[in-house]
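We use all heavy atoms of the structure for the numbers below, so side chains are in, but hydrogens, waters and symmetry mates are not. All ligand and atom numbering here is 1-based and tracks the order in the structure.
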Amino acid sequence: MKILVTGGAGFIGSHTCVELLEGGYEISVLDNLSNSSEKSLERIKEITGKDFKFYKADLLDYDAVDKVFSSEKFDSVIHFAGLKAVGESVEKPLTYYHNNITGTLNLLSIMRKHGVYNIVFSSSATVYGSPKSLPIKEDFPLSTTNPYGSTKLMIEGILQDLYTADNNFSITILRYFNPIGAHKSGKIGEDPKGIPNNLMPYIQQVAIGKLPQLSVFGDKYPTKDGTGVRDYIHVVDLSLAHVKAVEKKSGHPGVYIYNVGTGNGYSVLEMVKAFEKASGREVKYKICPNRPGDIAACYADASKAEKELGWTAKLDLEDMCRDGWNWQVNNPNGYAD
Ligand code: NAD
Ligand code: WQD
């Protein structure tokens, strides 16, 4: 089975490429490298000992993407490509809507033109907005608080409408919770540009001495210790959910939606402690005001993915911190090293 991975040079895409290649799938990667480095592709080849084609192309360039589909016959597409920074999406909403939505519309119409009907799409727990209760199930009400989240929710709607119009499609929507960690080799990992927005890359850069201290955004939430609670999932577990989705759902028309999380919620201070233990380094922090738009707590009920895809997260918080630290130590400046 041959799979096109859009956004395959990025954080989650690169890890998924490794798991696909190790699972015996043939892949090609399409990425415009707007938020990634071609070095990640070399590292995927080092880890797996396998080769694959890379198309440096932008999903906004219809003709370039059409050419890719004319040059190879794909059985399935895993669609990671998109912009993902929440704060930036508030400042540049048109860029986010254009890139994420127009890019996806181009991809879908080209897939249809070439008779490629299987797709796995990267959605996010952000589509649940502020959940009324926990754990979160797939049928909870959906809402968003920023343009990035709105692009995810709109694309989910586009995919549903596409299936209604064309019952050939098999569409799997994976709603990721908070992916962290790295491949155990330390060769691929998350490489944020500039100062990280997300908690774990920030903690990692404090631990290695690149940033002086972590700002903990709020300690008065109604949670176990007052700091925000999230469902952190090892990126390799998340990648394996994509492999399962391709395996179980390709060729089975329908729209399938799954939460991809562990079901465990950890607070910011628990994450700091766990990371200090894994790294043997101190993570200095100070308590700061809440970050606007943040919710108190968020964790998944992932039982639907277990029941229907046969997937569960296997790696624990210790694994996530150890592997994230291993990547950071081996690549203090990410792929720029
Ligand atoms: P990433 O930025 O590391 O990877 C995205 C990749 O897409 C990058 O390599 C980028 O260069 C590429 N890309 C962006 N726009 C493109 C375009 N127009 N044409 C071609 N390539 C393009 O991000 P990631 O963390 O690996 O996330 C992958 C997907 O998962 C994204 O869609 C993201 O929104 C979604 N997601 C991420 C998280 C998270 O916390 N990391 C959580 C939920 C959902
Ligand atoms: C986690 C916790 C913060 C940074 C975001 C997106 C979401 C999804 C995943 C793509 C929260 C706290 C953070 C810091 C802190 N991405 N924190 N100091 O906000 O759950 O989700 O990434 O789809 O859409 O919104 O993740 O890692 O930013 O924050 O105290 O410097 O850590 O308040 O409680 P979040 P995060």
At less than 4.0 angstrom from any non-hydrogen atom of [X], what atoms of ligand 1 do you find?
X      : answer
Gly7   : 6 (C), 7 (O)
Ser122 : 29 (C), 30 (O), 32 (O), 35 (C)
Tyr148 : 33 (C), 34 (O), 35 (C), 36 (N), 44 (C)
Ser34  : 10 (C), 11 (O), 13 (N), 14 (C), 15 (N)

Exercise. For ligand 2, indicate whether the residue Tyr232 contacts it via side chain, backbone, both or neither (heavy-atom separation under 4.0 Å).
Key: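 Side chain only.
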
Practice problem: Using non-hydrogen atoms of the residue, decide whether Asp58 is closer than 4.0 angstrom to ligand 1. | Solution: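 Asp58 counts as a contact of ligand 1 under the 4.0 Å cut-off.
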
Quiz item: Measuring from the heavy atoms of Ala57, does anything fall under 4.0 Å of ligand 1?
Solution: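 Yes, Ala57 has heavy atoms under 4.0 Å from ligand 1.
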
Practice problem: Classify the contact between Asn100 and ligand 1 as side chain, backbone, both or neither, using a heavy-atom distance cut-off of under 4.0 Å. | Solution: neither

Quiz item: Does any N or O atom in Asn178 lie less than 3.5 angstrom from one in ligand 2, N or O only?
Solution: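 Min N/O separation from ligand 2 is below 3.5 Å for Asn178.
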
Quiz item: Hey, is ligand 2 close enough to Met200 that some N/O pair sits below 3.5 Å?
Solution: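 Looking only at distances, the answer is no, because the N/O contact criterion of under 3.5 Å is not met.
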
Quiz item: Nearest protein heavy atom to atom 7 (C) of ligand 2, by residue and atom, and its distance?
Solution: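 Checked against all protein heavy atoms, atom 7 (C) of ligand 2 sits closest to Ser124 OG, 4.2 Å.
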
Quiz item: If you measure from each heavy atom of Tyr148 to ligand 2, is any distance below 4.0 Å?
Solution: yes

Practice problem: Determine, using heavy atoms of Tyr266 and all atoms of ligand 2, whether some pair is separated by less than 4.0 Å. | Solution: no

Exercise. Please could you name the atoms of ligand 2 that Thr126 approaches to less than 4.0 Å, counting only its heavy atoms?
Key: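 Answer, ordered by atom number: 24 (O).
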
Practice problem: Answer yes or no: does an N/O atom from Ala9 fall short of 3.5 Å to an N/O atom of ligand 1? | Solution: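 No - when backbone and side-chain N and O of Ala9 are compared with those of ligand 1, no distance drops under 3.5 Å.
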
Out of [options], who gets a non-hydrogen atom closest to [atom]?
atom                    : options                      : result
atom 34 (O) of ligand 2 : Pro201, Gly228, Ala125       : Gly228
atom 29 (C) of ligand 1 : Phe11, Phe80, Phe177, Tyr176 : Phe80
atom 27 (O) of ligand 2 : Leu199, Ile12, Ile180        : Leu199

